[in-house]
Amino acid sequence: MSEEPPVSPSWLSPDPTAWASGGGGLTDNSTSLGTFPPEEKLPPGQLPLLVNPWDIVLCSSGTLIACENALVVLVIWQNPALRAPMFLLIGSLALADLLAGLGLVLHFTCAYLLRSDSAQLLTVGLVVASFSASVFSLLAITIDRYLSLYYALTYNSERTAAFTYTMLVLLWGLSLCLGLLPVTGVNCLAEEATCSVVRPLTKNNIAVLSVSFLLLFGLMLQLYVQICKIVMRHAHQIALQHHFLAATPHYVTTRKGVSTLAIILGTFAACWMPFTVYSLIADYTYPPLYTYATLVPATYNSVINPVIYAFRNQEIQKALWLVCCGCVPASVAQRARTPSDV
């Protein structure tokens with residue numbers, strides 16, 4: 001009578017010792033979001049690790065992500081003044097990253113305590129939906145910033161608010177659909193050969209996610225190029241009125257604003273592009289070490305997002321100071337909004 005195969009709780013490899021060895025000699029090296037091999041007597045030097053260190057890193061990242069973004073969500077939720085479309089989109093981004101962080105922590109907990117396929121599918125679905133909503137929210141913020149510059153005179157109309165709510169409904173609806181795919185049967189638990197580098201997602205599933213990311217990144221790149229052109233054109237027109245282009249404060253702050261846009265887009269690409277490209281070219285036979293090495297930096301984008309989109313904002317800074325110490329420093333209260341805040 002054959003033994004029933006053990007449940008694989010880790011993101012990637014069904015062998016928790018594979019993180020160090022690269023998975024040599026394994027028949028399934030996909031990252032299963034620590035797996036425990038069948039019980040057998042091994043020499044003391046070859047005993048498997050009880051917890052995959054890479055899973056600990058992901059859980060730690062999830063904890064930091066959840067705490068950081070929970071603060072942003074709390075500030076926006078409790079402050080009635082932060083109800084403009086821009087803040088709704090920042091709140092959507094923070095909520096998505098908060099859920100992604102909780103998903104990573106819950107997956108680690110369920111993987112090493114419950115060791116259940118059902119719990120694994122639910123937590124992986126939560127992580128997929130949350131990170132999808134995070135990327136879609138970044139795109140929505142980019143679209144909002146472009147419209148605020150291109151239609152500056154009519155941006156604060158009711159139509160802008162309606163458009164923002166529509167974007168929020170669409171992005172969360174699409175993200176929920178992507179997150180439900182593993183739960184509704186689009187997974188590789190029944191056929192390991194179809195697994196991608198992230199178990200239990202199938203190769204086709206993760207390919208769709210990766211191609212979608214590349215398309216969204218291309219759209220964001222195009223929008224940021226247009227934003228830079230608009231900002232530079234406005235700054236040039238203002239500078240001509242002062243007759244001194246290079247010496248005007250507007251030119252200096254505009255250059256800073258364009259640099260900020262480059263940092264935003266560069267950070268986004270640096271975090272997500274390695275995992276996106278790797279997931280397209282690799283499959284479950286690749287060493288799990290490579291998957292962890294690209295997946296962990298992708299989670300760091302959710303750590304950086306609050307710093308770029310929330311904590312740099314003047315209104316959110318004021319709200320944070322009020323929550324933390326009950327007052328607003330004069331340096332924060334008197335700082336004027338510049339193009340670098342775009």
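In this text, all values refer to a predicted model and were calculated from it rather than measured experimentally.
- Residues S92 and S137 bring a donor and an acceptor atom of their side chains to less than 3.5 Å of each other.
- Residues P53 and V57 fail the side-chain proximity criterion, which asks for heavy atoms closer than 4.5 Å.
- Residues E68 and V307 have side chains in contact (heavy-atom distance under 4.5 Å, counting atoms from C-beta outward).
- For the atom pair T299 OG1 and I65 CD1, the distance stands at 5.0 Å (nearest 0.5 Å).
- Taken from CD1 in I308 to CD1 in I90, the straight-line distance is 11.5 Å, to the nearest 0.5 Å.
- Residues L223 and I141 share a single hydrophobic cluster, defined by chaining ILVMFWY side chains whose heavy atoms lie under 4.5 Å apart.
- Ring planes of Y286 and Y278: perpendicular class, angle over 60° (limits at 30 and 60°).
- The backbone N or O of V127 lies less than 3.5 Å from no partner atom in the side chain of S130, so there is not a single donor-acceptor pair.
- One N or O on the side chain of K203 and one on the backbone of L280 form a donor-acceptor pair closer than 3.5 Å.
- Ring to ring, F163 and Y151 are not that close: their centroids are 6.0 angstrom or more apart.
- Between P274 and A269 the shortest heavy-atom distance is CD-O, 3.8 Å.
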Between L95 and W172, does a side-chain contact (heavy atoms from CB on, under 4.5 Å) hold up when you go through it step by step?
CA-CA 11 Å; L95 178 60; W172 279 99; 4.1 Å; yes
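- Within a 6.0 Å radius of OH in Y309, other residues, nucleotides and ligands contribute more than 12 heavy atoms.
- Note on L122: it does not cluster hydrophobically with L98, by side-chain heavy-atom contacts below 4.5 Å among ILVMFWY residues.
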If you apply the rule ring-ring contact (aromatic ring centres under 6.0 Å, His included), what do you find for F131 with W272, and how did you get there?
CA-CA 11 Å; F131 278 122; W272 277 106; 5.5 Å; yes
I would like to know whether F213 and F268 meet ring-ring contact (aromatic ring centres under 6.0 Å, His included); could you show each step before the answer?
CA-CA 11 Å; F213 169 82; F268 179 64; 5.3 Å; yes
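- Taking both residues in full, the closest heavy atoms of L216 and L139 are given as CD2-CD2, 3.2 Å, listed atom of the first, atom of the second, then distance.
- Under the 3.5 Å distance criterion, the side-chain polar atoms of R83 are matched with a main-chain donor or acceptor of I76.
- Residue V124 comes nearest to P200 through the heavy atom pair CG2-CD, 3.7 Å, listed as atom of the first residue, atom of the second, then distance.
- Nearest heavy atoms, V72 versus P306: CG2-CB, 4.1 Å.
- Under a 3.5 Å cut-off, the side chain of S148 and the backbone N or O of R145 do form a donor-acceptor pair.
- In this structure, CD in Q226 is found 5.5 Å from OH in Y146, a value given to the nearest 0.5 Å.
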Residues I227, Y150; criterion side-chain contact (heavy atoms from CB on, under 4.5 Å); working and verdict:
CA-CA 8 Å; I227 289 174; Y150 194 82; over 6 Å; no
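- Minimum interatomic distance between L138 and T142 (heavy atoms only, all atoms of both residues): O-OG1, 2.8 Å.
- The cluster map of Ile, Leu, Val, Met, Phe, Trp and Tyr, joined by side-chain heavy atoms under 4.5 Å apart, puts F275 and M273 in the same cluster.
- The shortest distance between side-chain heavy atoms of L170 and L174 does not fall below 4.5 Å.
- V208 and V198 fall into different hydrophobic clusters, where Ile, Leu, Val, Met, Phe, Trp and Tyr residues are linked whenever their side-chain heavy atoms come under 4.5 Å apart, directly or through other members.
- Across all their heavy atoms, A140 and L89 have their closest contact at O-CD1, 3.6 Å.
- The aromatic rings of F108 and Y112 lie tilted to each other, with the angle between the two planes from 30° to 60°.
- Annotation: the span from I304 atom CD1 to I264 atom CD1 amounts to 11.5 Å, rounded to 0.5 Å.
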Run the numbers on T202 and C195 for side-chain contact (heavy atoms from CB on, under 4.5 Å), then give the verdict.
CA-CA 5 Å; T202 65; C195 282; over 6 Å; no
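- For the pair N305 (side chain) and N301 (backbone), a donor-acceptor distance under 3.5 Å is present.
- Note on F217 and L215: same hydrophobic cluster, where clusters join Ile, Leu, Val, Met, Phe, Trp and Tyr whose side-chain heavy atoms are under 4.5 Å apart, directly or indirectly.
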Go through the steps for L171 and L168 under the test side-chain contact (heavy atoms from CB on, under 4.5 Å), then give the verdict.
CA-CA 5 Å; L171 75 88; L168 289 174; 4.1 Å; yes
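- Y300 has its side chain within reach of S61: a pair of non-hydrogen atoms, C-beta onward, lies under 4.5 Å apart.
- Between the CG atom in D55 and the OH atom in Y292 there is a gap of 3.5 Å [rounded to 0.5 Å].
- A distance of 5.5 Å separates OG of S132 from CG of L209, quoted to the nearest 0.5 Å.
- Without hydrogens or angle criteria, S196 side chain to L201 main chain gives a donor-acceptor distance under 3.5 Å.
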